[in-house]
Amino acid sequence: MDPISAALLVSLVSGVGGAAGTQAWAALGSLVRQPFRGADQPPSVEPVPAVRELEDLEESPQDMGRAQALAEVLQRRAALDSGFARSLTSWLDEARAVSVGSGDVHNTVSGGSQGNVLQVRDLNGSVTFGAPAAPDAGSRGRTD
């Protein structure tokens with residue numbers, strides 16, 4: 001099974017992909033909450049692996065550490081439950097398509113002075129250009 005990217009999980013829980021991304025995240029939640037079945041065992045009554053990590057990431061959707069913890073427990077659960085592994089692989093293929101689309105970025109900047117320009121594909125968080133202007137030291141205390 002392919003590794004699950006923490007960045008993919010963060011993008012989906014954060015709403016990237018609009019309605020399709022929201023549906024992909026909900027589908028992962030449904031998949032994770034299915035009863036855990038170890039190799040040739042009936043469903044477990046123990047807490048289902050990955051539910052806590054999924055809920056933790058939902059509480060802090062930009063937390064890459066929580067996303068990585070979820071990715072790791074999903075991988076471990078898939079290694080122990082072949083049915084879950086098949087379903088997770090299918091979900092992962094669909095989620096990648098929602099989150100990253102085709103992966104192409106086409107930006108064009110032309111003409112004279114454009115001011116600030118930012119070219120990105122995926123962005124989570126804020127962008128700031130420059131720093132606030134420092135007060136003019138020479139004008140302090142003037143009474144012109």
Side-chain angles (χ1 to χ4, degrees), residues 1-140:
M1 178 174 173
D2 289 343
I4 300 168
S5 160
L8 171 68
L9 296 172
V10 165
S11 68
L12 291 174
V13 73
S14 299
V16 171
T22 301
Q23 289 174 343
W25 184 256
L28 178 62
S30 294
L31 177 61
V32 164
R33 288 178 176 89
Q34 291 177 1
F36 174 66
R37 295 178 186 266
D40 301 320
Q41 296 175 351
S44 172
V45 295
E46 297 297 317
V48 179
V51 170
R52 182 181 50 106
E53 291 82 1
L54 181 92
E55 291 171 349
D56 286 349
L57 183 56
E58 288 173 339
E59 289 175 14
S60 297
Q62 298 298 318
D63 188 325
M64 289 300 284
R66 290 181 181 202
Q68 187 60 44
L70 175 58
E72 290 170 2
V73 76
L74 289 171
Q75 292 286 147
R76 286 194 304 272
R77 181 172 173 185
L80 298 172
D81 182 342
S82 61
F84 180 80
R86 284 189 299 276
S87 296
L88 185 60
T89 297
S90 177
W91 173 85
L92 187 55
D93 291 341
E94 293 175 20
R96 285 181 176 144
V98 167
S99 177
V100 298
S102 67
D104 295 340
V105 176
H106 302 281
N107 296 307
T108 303
V109 178
S110 62
S113 175
Q114 300 296 320
N116 295 324
V117 176
L118 174 67
Q119 293 182 306
V120 299
R121 180 173 164 262
D122 297 318
L123 178 67
N124 289 317
S126 308
V127 175
T128 303
F129 288 96
D136 184 7
S139 65
R140 282 190 225 135

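Start at 1 with the first residue, then count along the sequence. Every value quoted in this text rests on a predicted model; they were computed, and no experiment measured them.
Residues that satisfy the side-chain hydrogen bond (donor to acceptor under 3.5 Å, both in side chains) test with Glu53, not counting sequence neighbours, are absent from this structure. Take Gln75 and apply the side-chain hydrogen bond (donor to acceptor under 3.5 Å, both in side chains) test, not counting sequence neighbours, and it matches no residue. Here Asp2 pairs with Arg96 under the salt bridge (charged side-chain N to carboxylate O under 4.0 Å, His left out) rule; sequence neighbours left out.
In this structure, Leu12 and Ala24 approach most closely via the heavy-atom pair CD2-CB, 4.2 Å. Closest of all the heavy-atom pairs between Asp56 and Arg66 is O-NH1, 2.8 Å. Of all heavy-atom pairs between Ala50 and Leu74, the closest is CB-CD2, 3.9 Å. Pairing each heavy atom of Ala6 with each of Ala67, the nearest pair is O-CB, 3.5 Å. The two atoms that bring Trp91 and Ala27 nearest to each other are CD1-CB, 3.9 Å, heavy atoms only.
We find the CD-CZ distance between Gln34 and Arg77 to be 7.0 Å, quoted to the nearest 0.5 Å. For the atom pair Leu54 CG and Glu59 CD, the distance stands at 10.5 Å (nearest 0.5 Å). For the atom pair Glu58 CD and Ser14 OG, the distance stands at 11.0 Å (nearest 0.5 Å).
Looking only at distances, a side-chain donor or acceptor of Ser30 sits under 3.5 Å from a matching main-chain atom of Ala26. A distance-only check finds a donor-acceptor pair linking the side chain of Ser87 to the backbone of Gly83 [under 3.5 Å].
Of the residues Leu9, Val73, Leu70, the one that meets the side-chain contact (heavy atoms from CB on, under 4.5 Å) test with Ile4 is Leu9.
When the shell of 6.0 Å around CZ of Arg33 is examined, it contains more than 12 heavy atoms from other residues, nucleotides or ligands.
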### Task
Report the C-alpha distance between Ser90 and Arg86 in whole Å, list the side-chain angles of each, state the deciding distance to 0.1 Å, and finish with yes or no for side-chain contact (heavy atoms from CB on, under 4.5 Å).
CA-CA 6 Å; Ser90 177; Arg86 284 189 299 276; over 6 Å; no
### Task
For side-chain contact (heavy atoms from CB on, under 4.5 Å), just list the numbers for Leu57 and Trp25, CA-CA rounded to whole Å, side-chain angles, deciding distance to a tenth of an Å, and then say yes or no.
CA-CA 11 Å; Leu57 183 56; Trp25 184 256; 3.8 Å; yes
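Using a 4.5 Å heavy-atom threshold, the side chains of Leu28 and Leu88 count as touching. You'll find the side chain of Leu92 reaches within 4.5 Å of the side chain of Leu8, heavy atoms only.
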